[in-house]
Chemist: 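This is the structure, below, for whatever I ask next.
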Amino acid sequence: MRQGACSFGLWKVAVDYDDTVIHRVRFMRTAPEGPVPIQFTRFLAGKRTTFAPLTSAAVSGDGKYAQIYREVSRIPYGETRSYGEIAAAAETHPRVVGNAMARNPTPLIVPCHRVVASDGSPGGFSPDPDIKKNLLQLEKTTSRRLFS
DNA sequence: ATATGCTCTAGAA
DNA sequence: TTCTAGAGCATAT
């Protein structure tokens, strides 16, 4: 297993991976040095809208969380869905979706930042909700640029 | 068995 | 319209 990190604003994005399988992604203040797949730096620079062919280890399996992560992975770049909508698609309760997002081992790959509350407010994000806002902002401006 | 959570809806105020 | 209460369910402890 390899590990590395890149920057996103004030934060470091630490990535644990093997070949094209991403095991863990974390936002931290300081992170171990090392290379990350090019998809990360390009995505975070607004120069890429997908992580393909990278995949998250969290989407495989038959658990309820894996189902939820698969549904979340379907949300297109620049769009959002509510916790309730994801819950309906995965046939579970909205709070379970909240739990799954809170424990998402691979944010970005499984775009949990695109899941917002039903009234459009951002909802939570650890370690800092601002990261979620920044990611949504990045996707909004990037998708607008790609469409001009 | 109980506590917890990045929620949601309905009904009261 | 804003606020509160409780439903509802997978996981962690």
Side-chain angles (χ1 to χ4, degrees), chain A residues 1 3-18 20-32 36-37 39-146:
Chain A
M1 175 132 80
Q3 63 185 312
C6 59
S7 296
F8 180 61
L10 304 170
W11 296 87
K12 294 292 182 184
V13 182
V15 185
D16 295 355
Y17 59 102
D18 245 342
T20 72
V21 176
I22 309 301
H23 294 280
R24 192 164 184 202
V25 176
R26 278 179 292 173
F27 288 88
M28 309 188 300
R29 291 331 223 335
T30 61
V36 298
Q39 284 87 346
F40 282 89
T41 53
R42 301 257 304 163
F43 183 97
L44 293 173
K47 296 182 175 178
R48 199 178 219 284
T49 61
T50 168
F51 283 92
L54 303 182
T55 59
S56 165
V59 302
S60 57
D62 56 331
K64 185 54 76 178
Y65 280 10
Q67 259 182 68
I68 293 172
Y69 294 142
R70 282 193 288 273
E71 289 301 329
V72 172
S73 298
R74 262 181 207 110
I75 307 174
Y77 186 92
E79 293 186 30
T80 62
R81 295 289 184 278
S82 74
Y83 292 94
E85 289 173 309
I86 298 299
E91 299 180 301
T92 186
H93 190 275
R95 284 188 105 151
V96 177
V97 176
N99 263 347
M101 295 305 98
R103 300 176 193 290
N104 179 11
T106 57
L108 295 183
I109 308 298
V110 174
C112 61
H113 56 282
R114 293 178 196 148
V115 182
V116 299
S118 61
D119 64 358
S121 57
F125 193 89
S126 59
D128 186 345
D130 284 343
I131 296 174
K132 188 170 184 173
K133 296 174 200 159
N134 290 338
L135 288 171
L136 291 171
Q137 182 61 40
L138 170 74
E139 296 196 356
K140 194 165 64 172
T141 60
T142 297
S143 54
R144 187 156 42 222
R145 175 166 53 75
L146 295 179

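Lettering of chains follows the sequences in order, A, B, ..., and the numbering in each one begins at 1. From a predicted model like this one, the values you see are computed outputs, not experimental measurements. All heavy atoms count here, side chains included; hydrogens, waters and symmetry mates do not.
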Chemist: Look at the side chain of Arg103(A) and decide which nucleotide, out of dA12(C), dA10(C), dC8(B), has an atom nearest to it.
Modeler: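 Minimum distance to the Arg103(A) side chain belongs to dA12(C).
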Chemist: Does Phe40(A) have its ring centroid less than 6.0 Å away from the ring centroid of Phe51(A)?
Modeler: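 Here the rings of Phe51(A) and Phe40(A) have centres that are less than 6.0 Å from each other.
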Chemist: Just how far, in rounded Å, is P of dA10(C) from CG of Asn104(A)?
Modeler: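 So the two atoms are 19 Å apart, to the nearest Å.
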Chemist: How many whole angstroms separate atom CD of Glu85(A) from atom C1' of dT9(B)?
Modeler: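 So the two atoms are 15 Å apart, to the nearest Å.
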Chemist: Expressed in angstrom and rounded to an integer, what is the separation of Tyr65(A) atom OH from dC9(C) atom C1'?
Modeler: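 Rounded to whole Å, this separation is 9 Å.
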Chemist: Rounded to the Å, how far apart are Ile131(A) CD1 and dC6(B) C1'?
Modeler: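 Value for this atom pair: 13 Å.
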Chemist: Go through dC6(B), dG8(C), dC8(B) for me and flag the one nearest to the Pro94(A) side chain.
Modeler: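 My answer, after comparing the listed nucleotides, is dC8(B).
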Chemist: Is a donor-acceptor pair below 3.5 Å formed from side chain Lys64(A) to base dC9(C), judging by atom type as modelled?
Modeler: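 Side chain to base: no pair below 3.5 Å.
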Chemist: Identify which one of Glu85(A), Glu139(A), Glu79(A) satisfies the salt bridge (Lys or Arg N to Asp or Glu O under 4.0 Å) criterion when paired with Arg114(A).
Modeler: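 Only match with Arg114(A) under salt bridge (Lys or Arg N to Asp or Glu O under 4.0 Å): Glu139(A).
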Chemist: Atom CZ of residue position Arg145(A) - does it have more than 12 heavy atoms of other residues, nucleotides or ligands inside 6.0 Å?
Modeler: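 More than 12 heavy atoms, drawn from other residues, nucleotides or ligands, come within 6.0 Å of this atom.
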Chemist: What integer distance in Å separates Asn99(A):CG from dA10(C):C1'?
Modeler: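 Spelled out: CG on Asn99(A) to C1' on dA10(C) is 7 Å.
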Chemist: Checking base pairs now: Watson-Crick or wobble, both atom distances under 3.5 Å. What partners dG5(B)?
Modeler: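 With both distances under 3.5 Å, dG5(B) matches dC9(C).
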Chemist: Picking from dC9(C), dC6(B), dT9(B), which would you name as closest to the side chain of Ser118(A)?
Modeler: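 Nearest listed nucleotide: dT9(B).
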Chemist: For Thr106(A) and Ser56(A), test the side chains for any donor-to-acceptor distance below 3.5 angstrom and give the result as yes or no.
Modeler: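 Short answer, yes.
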Chemist: Let me know the distance between CD of Gln67(A) and P of dC9(C), rounded to the nearest Å.
Modeler: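 For the pair Gln67(A) CD and dC9(C) P, the rounded distance is 14 Å.
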Chemist: Please walk me through it: do Arg48(A) and Gln39(A) pass side chain to side chain contact (heavy atoms under 4.5 Å, CB included)?
Modeler: CA-CA 7 Å; Arg48(A) 199 178 219 284; Gln39(A) 284 87 346; 3.5 Å; yes
Chemist: What's the closest nucleotide to the side chain of His93(A) if the choices are dC9(C), dC6(B), dC8(B)?
Modeler: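 Closest nucleotide to the His93(A) side chain: dC9(C).
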Chemist: May I ask you to say what Ala102(A) touches in the nucleic acid, namely base, sugar-phosphate or nothing, with a heavy-atom cut-off under 4.0 Å?
Modeler: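 Result for Ala102(A) = base.
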Chemist: Using whole Å, what does the distance between atom P of nucleotide dA3(B) and atom CZ of Arg95(A) come to?
Modeler: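 In whole Å, dA3(B) P and Arg95(A) CZ are 14 Å from each other.
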Chemist: Just the rounded figure in Å: distance from P of dT2(C) to CG of Asp119(A).
Modeler: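 Rounded to the whole Å, the gap is 11 Å.
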